[in-house]
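Written below as structure tokens is the structure these notes are about.
All chains are named by letter (A, B, ...) in the order of the sequence lines, taking the proteins before the strands, and each is independently numbered beginning at 1.
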There are 2 protein chains.
Amino acid sequence: MELNARKKKILEVIIRDYINTAEPVGSRTLSKRCNLGISPATIRNEMADLEELGFLVQPHTSSGRIPTQQAYRYYVDEIMEIQKLEKMIRTDIHRGFLDHTTELGLTMSHTAQVLSQLTNYTAVVLAPRVTNFNCKHVQIVSLIKNRVLMVVVTQEGMAKNIEVTLSHEVDTILALKLSNVINGFLKNTVLSEMSSDLIDQIQELSPAESKLIHEIIPHLKKALMEDASEVHSTGLTNLFNYPEFSDVNKIKQLINIVQEKQVLSEMMASKDGNQVIRIKIGSENDNENLKDFSIITSTYELDGEMMGAFGVIGPTRMNYDNVSSVLNYIRNELNLHISNLLMK
Amino acid sequence: MELNARKKKILEVIIRDYINTAEPVGSRTLSKRCNLGISPATIRNEMADLEELGFLVQPHTSSGRIPTQQAYRYYVDEIMEIQKLEKMIRTDIHRGFLDHTTELGLTMSHTAQVLSQLTNYTAVVLAPRVTNFNCKHVQIVSLIKNRVLMVVVTQEGMAKNIEVTLSHEVDTILALKLSNVINGFLKNTVLSEMSSDLIDQIQELSPAESKLIHEIIPHLKKALMEDASEVHSTGLTNLFNYPEFSDVNKIKQLINIVQEKQVLSEMMASKDGNQVIRIKIGSENDNENLKDFSIITSTYELDGEMMGAFGVIGPTRMNYDNVSSVLNYIRNELNLHISNLLMK
DNA sequence: TATTAGCACTCGCAATAATTGAGTGCTAAC
DNA sequence: GTTAGCACTCAATTATTGCGAGTGCTAATA
């Protein structure tokens, strides 16, 4: 759908204005704000056209107009450009990261913090997943009696804890032996390919030990399959300041979203084209709870491989420019610092 | 402060009624509800007395009366009794726990779930702390380059992860050696008493290794000191249904409380007399954010030693009877299952 | 033909007024 | 000591009104 230059300009000003004020914008205000030197009457005509085209609606007869979702989509696709952040803000962010990259968890929560602060919306950050494919070391630690902790370490140096109960008691020495067996195995192949047959071929095991390994491997596989990457979120209350959230039900919806970490995680991690910045407006979201929100996400990488995602949730009347710019910069920073942290 | 039987009865009915309806209660309603066979006029007189004594207030002249904090305190201390839960509910809870005691984290989140469901308020559960004193094993796992993960295991079989960056690279073999050194040490004494001198006395260490141990120990000590016991909370949105939470600011306050896990943790873990069920009403709470809320907490134990706490946050107009009963029963269940889970 | 001034009309919003009703305190009688 | 009766209070609801920002349409203008 193409709009002529003037309609485009008018639509742009309306959206910008509405994003700032949350008030329907009328023809008089508009004629003053956009200095195209056209009268309110002309603008009214144009607005009527834009309404017919589905870009604007009137909350009630004889009020100003507000943008539709379609308008936001048009704005995002055809009008707005991702700005470079101000020098000062850039260095601020950069310094902040320097102080928070001693530990992965810290980096993640700091990212969420910065995101929500810079955008004034609710930020969500997905920590990298620990999966099957890149697991380089497993350490089994005896907890008590027949309970053990399995620590899985990835090639990139991330760790994940898995706590399980086994059929026999495992003491410190046995735990060490089991670790060694599994790690010996990992030298040649990956966990997902460790079958019963292969386990039985291992020489140095007593029957009891072999049985334990047989128990352990499925637990490991299962835990690595289920993609429960950690989710950090911040700035929930940021949204409360926007007029669209004076309604308690809207707030409930939001809290439900943020608490369903599983859903959030799946949604953000799902690939969708090659866009660096991904914008979902209102009903473009599959999740029912998100139909009234917009969510802008991006991903961070290590060696070109997607590691995790992060983003911002807000009203559909969101400052798409600013959020995109911020996400874009943070993405670069995150890539930089993550690769420093998890350098091979 | 003593009240005569009739005043006590009237106060009780007012509180019960107000807890149920959230409406100020007037003399007419009251005279019907409590079948003492006294007229509204008499009740008015009694109510006037109770107001003078500080138990009731009128939101405005010529409306019914509502209980003050003092009234709730009196109710909790002198009137209410902790009921035994219905048989059916008891067995339900019991069964639920049976399914969720394979892992400590699971037990904790399940407890929060059950609490919020049974009370319809917001539930908070503090997982057991992993401290200095009962640490029986430390496993150091090489992550990548000079980053290691330290897993601390307590006597009771709980584990805690600590991730640190050291001055030198640590590979798998070195990690094992360092673990052994520290564990050898732990056989004789506790971590907090491991001083520089003692480290230097360890024979089998190269200078580089000794240096690493010198770095590790303070990290361990520090991590074990800072009491960041995990906090599970559920049912945040439960409270939104109560009329006192139609105000967005109240909700903000609540969210702030629940998010400040540090504060919550300190508050709940602090001892305060020997009460099994601890009730803090409104301004009885030290925390500024909690002044408008009531919080009822209890603790769970292992071998008579306090391990953690759990409780419920709600409006001061809270169903103190029910919550106390539930907490009382959950406490028993939790003690039972935790001791099964962490049995020595 | 595109633009604009003018005008009657619409409708949400805020302020004001009128009405209702649940509840009180006080007094006098029981 | 208790109660019926009555005048009074005041929040909450509903109705009324005026205002103002905004619109669509029409006719005049460039």
Side-chain angles (χ1 to χ4, degrees), chain A residues 3-11 13-18 20-68 71 243-244 246-247 317, chain B residues 3-11 13-18 20-68 71 243-244 246-247 317:
Chain A
L3 298 181
N4 67 44
R6 194 168 69 181
K7 280 203 176 54
K8 196 166 165 180
K9 181 69 186 166
I10 289 174
L11 184 59
V13 178
I14 292 177
I15 294 177
R16 287 249 164 82
D17 198 74
Y18 185 65
N20 279 330
T21 64
E23 296 287 325
V25 344
S27 56
R28 174 137 3 148
T29 345
L30 194 50
S31 124
K32 280 176 202 152
R33 198 132 334 174
C34 78
N35 22 17
L36 282 175
I38 37 180
S39 77
T42 313
I43 290 178
R44 276 205 286 284
N45 290 330
E46 295 286 37
M47 282 166 96
D49 289 353
L50 285 168
E51 178 159 5
E52 211 166 317
L53 290 169
F55 289 103
L56 298 177
V57 279
Q58 291 178 281
H60 34 263
T61 334
S62 85
S63 81
R65 273 142 171 132
I66 62 176
T68 60
E244 32 269 271
S246 52
D247 175 25
R317 180 183 68 80
Chain B
L3 299 180
N4 67 46
R6 194 169 68 183
K7 281 203 174 58
K8 195 167 165 180
K9 182 70 185 164
I10 289 175
L11 186 58
V13 178
I14 292 177
I15 293 177
R16 289 249 164 81
D17 198 75
Y18 184 65
N20 280 329
T21 63
E23 296 288 324
V25 344
S27 56
R28 175 140 359 150
T29 347
L30 194 51
S31 122
K32 281 175 201 150
R33 198 133 333 176
C34 78
N35 23 18
L36 282 175
I38 38 179
S39 76
T42 314
I43 289 177
R44 278 206 285 283
N45 290 330
E46 295 285 39
M47 283 165 95
D49 289 353
L50 284 168
E51 177 159 6
E52 209 167 320
L53 290 168
F55 289 103
L56 299 175
V57 279
Q58 291 178 281
H60 35 264
T61 332
S62 85
S63 82
R65 274 145 170 127
I66 63 176
T68 59
E244 33 268 270
S246 51
D247 174 27
R317 180 183 70 80

Quiz item: Going 5' to 3' on DNA chain D, which nucleotide is the first and which the last to come under 4.0 Å of a heavy atom in chain B?
Solution: D:dT2 to D:dA11

Self-check item: Gap separating the CD1 atom of B:Ile66 from the CZ atom of B:Arg317, nearest 0.5 angstrom
Solution: 10.0 Å

Quiz item: Do any of residues 57-64 of chain B sit with a heavy atom less than 4.0 Å from DNA chain C, and if so which?
Solution: B:Gln58, B:Ser62, B:Ser63, B:Gly64

Quiz item: What are the two closest non-hydrogen atoms of A:Val57 and A:Pro59, and how far apart are they?
Solution: O-CD, 3.7 Å

Practice problem: Mind calculating the distance between CG (A:Asn4) and P (C:dT1) to the nearest angstrom? | Solution: 17 Å

Quiz item: Measuring from A:Asn20:CG to A:Ile15:CD1, what's the distance to the nearest 0.5 Å?
Solution: 12.0 Å

Exercise. Return the minimal non-hydrogen interatomic distance between B:Ala71 and B:Leu11, and the atom names on each side.
Key: CB-CD1, 4.2 Å

Practice problem: Keeping to residues at least two apart or across chains, list the side chain to side chain donor-acceptor pair (under 3.5 Å) pairs with something in residues 36-45 of chain A. | Solution: A:Ser27-A:Arg44, A:Ser39-A:Thr42

Produce the list of close N/O pairs, under 3.5 Å, pairing protein atoms with atoms of nucleotides 27-29 of chain C; give distances to one decimal.
none

Quiz item: Where do B:Leu3 and B:Phe55 come nearest, in terms of heavy atoms and distance?
Solution: CD2-CE1, 3.9 Å

Exercise. Scan residues 20-28 of chain B against DNA chain D and write down, sorted by residue number, each residue with any heavy atom closer than 4.0 Å; if none is found, say none.
Key: none

Practice problem: Would you please test A:Ile38 and A:Glu46 for side-chain contact (heavy atoms from CB on, under 4.5 Å) and show each step? | Solution: CA-CA 11 Å; A:Ile38 37 180; A:Glu46 295 286 37; 5.9 Å; no

Exercise. Pull out every residue in residues 39-47 of chain B that has a heavy atom closer than 4.0 Å to any atom of DNA chain C, ordered by number, or say none.
Key: B:Arg44, B:Met47

Quiz item: Does some side-chain heavy atom of A:Ile14 sit less than 4.5 Å from a side-chain heavy atom of A:Arg65?
Solution: no

Practice problem: Applying side-chain contact (heavy atoms from CB on, under 4.5 Å), run through B:Ile10 and B:Leu30 and close with a yes or a no. | Solution: CA-CA 8 Å; B:Ile10 289 175; B:Leu30 194 51; 3.8 Å; yes

Quiz item: What's the shortest heavy-atom distance between B:Met47 and B:Val25, and which atoms?
Solution: CE-O, 3.5 Å

Exercise. Flag yes if more than 12 heavy atoms outside A:Lys9 fall under 6.0 Å of its NZ atom; otherwise flag no.
Key: no

